[in-house]
*Asks:* 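Please read through the structure below; I'll follow up with questions.
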Amino acid sequence: MKKLKGVKISRRRVLKVGALTTVALTSGLLPGRLLKAATVEDTPENPNQMGFMYDQQLCIGCGSCGDACSKANDWEEGTKWRRILQVKGEYVYLSISCNHCEKPACLEVCPVKAYTKREKDGIVVHDPTKCVGCKYCMYACPYHAPQFSEATGRINKCHFCYERQDKGETPACVASCPTKALSYGNLADLRKTFGGVNQLPGLPDPELTKPSWVIIPKVLGE
Amino acid sequence: MHWHWLIVIYLFLGGLGAGAYLTSFAAEKGWLGPSSSLKRAGYYLAAPIVAIGTLLLVFDLGQGLYKPWLLIGLLSNLSSVMTWGVYILSFFIIIGLIKGFLVFKNKNAPAVLTWAGAILALATGAYTGILLAVVEAVPFWNTAIMPVLFVVSALSTGLSATALLALLIEKQVSQQVREGQAHLLLIVAELVIAALFFGLMFTGIKGTVGIESAAIVVSGAYSVVFWGYFIGLGLLFPLIVFILQQRSFKQTAKKTVSEPSVISSRLHIFADISVLLGGLALRGLIVFAALPVWDGFTLFL
């Protein structure tokens with residue numbers, strides 16, 4: 001009896017181990033698929049990369065993020081560092097600025113090196129005093145973050161309020177959001193958010209520049 | 001659309017100057033026939049034309065006239081194709097000027113200089129296409145065909161511009177069979193590459209935005225410019241003229257008549273001007289039909 005029982009258990013074990021091995025092997029064979037299913041993207045190259053997170057379900061489209069940004073950063077005439085977009089005929093929004101991409105196309109094409117990506121937090125900063133106004137970055141950025149001011153003849157864009165962040169303060173847009181739809185943080189942590197994505201329908205393929213943002217899309221009917 | 005006419009003309013003139021240099025280079029090497037009259041005109045055209053184009057680019061820059069000292073920064077980012085372009089154009093203008101001056105003075109230029117100029121000319125022509133081709137966020141530009149199309153158009157327009165100037169400055173202009181053949185070859189090549197390019201776009205290989213861009217050009221807002229100026233005036237009309245010219249070459253050879261008719265040489269001038277218009281139209285179409293991968297406004301569910 002004892003022996004028989006033992007055999008039974010070991011069979012079960014064999015089955016269990018077998019099943020587990022199969023799962024492990026499959027996940028090993030298809031790591032990309034599993035990762036994509038579970039999180040936004042693989043972990044960022046720079047573990048200190050900061051990013052925005054935007055919850056489409058919480059946003060009421062009030063525009064206070066844009067207003068706060070404009071006030072805090074004194075937008076040059078004709079530039080919009082943060083834009084609030086709306087799905088036609090729906091109460092569905094997107095608050096978008098610069099995504100401080102892991103592979104910033106602006107930085108790559110800029111002939112005068114006006115763009116720098118900070119090592120400490122991955123923020124992409126544009127120095128308007130170096131900018132010659134060639135507008136090459138406006139073509140390169142799929143998110144239209146670099147904005148040209150006809151008045152000053154140069155590019156301006158969101159710098160994630162890096163000076164505030166250096167002082168331990170919150171970026172102006174995030175601080176102003178009444179519903180906490182807009183937040184920010186360490187990108188690796190943000191990407192663990194359940195339901196978070198890095199692309200919305202019709203928006204650019206994230207493989208182009210690897211944007212440092214996480215969006216929680218609105219599920220209609222809720 | 002962020003770039004306008006100044007950039008279109010700059011891209012056109014960059015190609016034109018490069019093509020002009022290469023035309024006279026080819027003539028000097030004897031590739032365009034034993035007594036080609038194109039050995040000097042292209043060298044005269046090259047550097048000034050590229051310099052004028054570069055000047056237009058400076059006018060287009062937001063800071064070009066406002067804080068011109070910032071332009072020195074254009075040499076700093078070696079990963080930017082635009083920076084490559086600044087180096088290539090600068091060296092080409094310098095070498096082109098020296099070569100042009102030596103040719104004008106009837107002095108022999110060192111072979112190294114002439115060859116360096118030819119390589120820089122090719123680089124200039126290719127650069128104008130690569131500048132656009134590397135922009136991934138503009139599907140219409142983002143193909144390896146773009147630089148090839150621009151180089152062929154550069155050679156074609158350069159050859160025509162050189163032929164036109166040669167008529168003005170050379171005492172004896174004898175049309176060479178090889179020149180006509182070069183014209184023909186370039187126009188046929190450009191037709192094939194353009195067909196390939198638009199065919200590729202319409203397959204959807206560069207996404208729906210690529211198809212949209214191509215559709216604007218072929219059947220949309222720019223279709224008149226495309227069919228009228230680029231295909232009609234720029235390629236088909238000169239194609240017919242140069243085919244007729246080749247046939248008349250054969251006939252004159254048979255009849256042993258040495259004088260080409262006045263009408264045919266006038267037609268030749270029109271064909272060359274026509275090629276230039278087509279080249280300008282091509283740059284305009286490519287720049288103006290550049291739709292971004294996302295328009296920056298439209299949000300879907």
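Sequence lines set the chain letters: A, B, ... in the order given, protein chains first and strands last, and positions in each chain run from 1. Model, not experiment: these values are computed from the prediction.
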*Asks:* Does any heavy atom of chain B fall under 4.5 Å from the side chain of A/Glu90, the backbone, both, or neither of them?
*Replies:*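 The answer is the side chain of A/Glu90.
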*Asks:* Kindly say whether A/Cys110 contributes a backbone atom to a donor-acceptor pair with the side chain of B/Asn77 at under 3.5 angstrom?
*Replies:*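 Such a contact is found between B/Asn77 side chain and A/Cys110 backbone.
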*Asks:* Looking at A/Lys103, I'd like to know if its NZ atom is crowded, meaning that more than 12 non-hydrogen atoms belonging to other residues, nucleotides or ligands lie closer than 6.0 Å.
*Replies:*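 Above 12, so yes.
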*Asks:* Counting only heavy atoms closer than 4.5 Å, note whether A/Thr152 contacts chain B via side chain, backbone, both or neither.
*Replies:*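 Only the backbone of A/Thr152 comes within 4.5 Å of chain B.
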*Asks:* Given a strict heavy-atom distance threshold of 4.5 Å, which part of A/Tyr93 is in contact with chain B: side chain, backbone, both, or neither?
*Replies:*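 The answer is the backbone of A/Tyr93.
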*Asks:* State whether the number of non-hydrogen atoms from other residues, nucleotides or ligands found under 6.0 Å of A/Lys120 atom NZ is greater than 12.
*Replies:*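 More than 12 within 6.0 Å, yes.
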*Asks:* Are B/Pro292 and A/Tyr139 packed together at the side-chain level, in the sense that at least one heavy-atom pair is separated by less than 4.5 angstrom?
*Replies:*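 Answer no - side chains too far apart.
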*Asks:* Counting only heavy atoms closer than 4.5 Å, note whether A/Thr129 contacts chain B via side chain, backbone, both or neither.
*Replies:*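 Contact with chain B: backbone only.
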*Asks:* Which value, rounded to the nearest 0.5 Å, describes the distance between B/His2 atom NE2 and A/Cys137 atom SG?
*Replies:*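 Reported to 0.5 Å precision, the distance equals 8.5 Å.
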*Asks:* For atom OH of B/Tyr229, decide whether the heavy atoms of other residues, nucleotides or ligands shown that lie under 6.0 angstrom number more than 12.
*Replies:*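 No, because the 6.0 Å sphere around OH of B/Tyr229 holds 12 heavy atoms or fewer from other groups.
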*Asks:* Could you look at A/Gln86 and say if it's the side chain, the backbone, both or neither that has a heavy atom under 4.5 Å from chain B?
*Replies:*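 Backbone of A/Gln86 only, per the 4.5 Å heavy-atom cut-off to chain B.
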*Asks:* Can you name the closest pair of heavy atoms from A/Phe148 and B/Gly62 and give their distance?
*Replies:*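 Looking at all heavy atoms of both residues, the shortest contact is CZ-CA, 4.1 Å.
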*Asks:* Side chain, backbone, both or neither: which part of A/Ile96 has an atom under 4.5 Å from a heavy atom of chain B?
*Replies:*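 For A/Ile96, the side chain is the part near chain B, not the backbone.
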*Asks:* Restricting to non-hydrogen atoms, name the atom on B/Ala137 and the atom on A/Cys141 that form the minimum distance, rounded to 0.1 Å.
*Replies:*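 Heavy atoms only, the tightest pair is CB-C, 4.3 Å.
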*Asks:* Report yes if the side chains of A/His144 and B/Phe297 come closer than 4.5 Å at any heavy-atom pair, otherwise no.
*Replies:*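 The answer is no, as the side chains (C-beta and beyond) never meet within the 4.5 Å cut-off.
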*Asks:* Would you mind telling me which of A/Asp205, A/Thr209, A/Val112 has the largest number of heavy-atom pairs within less than 4.5 Å of chain B?
*Replies:*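 Maximum pair count with chain B is reached by A/Val112.
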*Asks:* Measure the shortest side-chain to side-chain distance between A/Cys131 and B/Gln63 over non-hydrogen atoms and say whether it is less than 4.5 angstrom.
*Replies:*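 No, side chains not in contact.
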*Asks:* Can you tell me if B/Ile205 has over 12 outside heavy atoms packed within less than 6.0 Å of its CD1?
*Replies:*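 No.
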*Asks:* Could you pull out the closest heavy-atom pair between A/Lys113 and B/Ser76, with the gap in Å?
*Replies:*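 Heavy atoms only, the tightest pair is CE-O, 3.7 Å.
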*Asks:* Count the heavy-atom pairs under 4.5 Å between each of B/Ile72, B/Leu75, B/Asp295 and chain A, then report the option with the highest count.
*Replies:*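 Counting heavy-atom pairs under 4.5 Å, the top option is B/Asp295.
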*Asks:* Compare all side-chain heavy atoms of B/Trp294 with those of A/Pro142 and state whether any distance is below 4.5 angstrom.
*Replies:*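 They are not in contact (no side-chain heavy atoms under 4.5 Å apart), so the answer is no.
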*Asks:* At a heavy-atom separation under 4.5 Å, does A/Leu85 approach chain B through its side chain, its backbone, both, or neither?
*Replies:*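 Both parts, backbone and side chain.
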*Asks:* Look at A/Leu200, A/Leu203, A/Val92 and state which one has the largest set of heavy-atom pairs under 4.5 Å with chain B.
*Replies:*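 Heavy-atom pair counts peak at A/Leu203.
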*Asks:* What are the two closest heavy atoms between A/Tyr136 and B/Val135, and how far apart are they?
*Replies:*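 So the two residues come closest at CE1-CG2, 3.7 Å.
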*Asks:* Give a yes or no on this: more than 12 heavy atoms of other residues, nucleotides or ligands lie within 6.0 Å of atom CZ of B/Phe91.
*Replies:*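 Counting neighbours around CZ of B/Phe91, 12 or fewer heavy atoms of other residues, nucleotides or ligands fall under 6.0 Å, so no.
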*Asks:* Does any heavy atom of chain A fall under 4.5 Å from the side chain of B/Val86, the backbone, both, or neither of them?
*Replies:*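 For B/Val86, no heavy atom lies under 4.5 Å from chain A.
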*Asks:* Please classify the contact of B/Ile7 with chain A as side chain, backbone, both or neither, using a heavy-atom distance under 4.5 Å.
*Replies:*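 No part of B/Ile7 comes within 4.5 Å of chain A.
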*Asks:* Can you confirm whether A/Leu208 sits close enough to B/Val293 that some side-chain heavy atom of one is under 4.5 Å from a side-chain heavy atom of the other?
*Replies:*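 When only atoms from C-beta onward are counted, B/Val293 and A/Leu208 do touch, with a gap below 4.5 Å.
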*Asks:* Can you tell me which portion of B/Trp3 sits under 4.5 Å from chain A's heavy atoms? Options are side chain, backbone, both or neither.
*Replies:*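 For B/Trp3, the contact with chain A is made by backbone and side chain together.
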*Asks:* Based on non-hydrogen pairs under 4.5 Å, which of A/Ala145, A/Pro217, A/Gly202, A/Ala105 is most in contact with chain B?
*Replies:*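 Of the candidates given, the most pairs with chain B belong to A/Gly202.
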*Asks:* Got a donor-acceptor contact below 3.5 angstrom from the B/Tyr66 side chain to the A/Val132 backbone?
*Replies:*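 Checking the backbone N and O of A/Val132 against the side chain of B/Tyr66, no donor-acceptor pair under 3.5 Å is found.
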*Asks:* With respect to A/Cys134, which candidate in B/Leu71, B/Leu57, B/Leu61 satisfies the side chain to side chain contact (heavy atoms under 4.5 Å, CB included) definition?
*Replies:*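 It is B/Leu61; the other options fail the test.
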*Asks:* Do you know which of A/Glu108, A/Gln56, A/Arg83, A/Glu150 has the most heavy-atom pairs under 4.5 Å to chain B?
*Replies:*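 The option with the most such pairs is A/Glu108.
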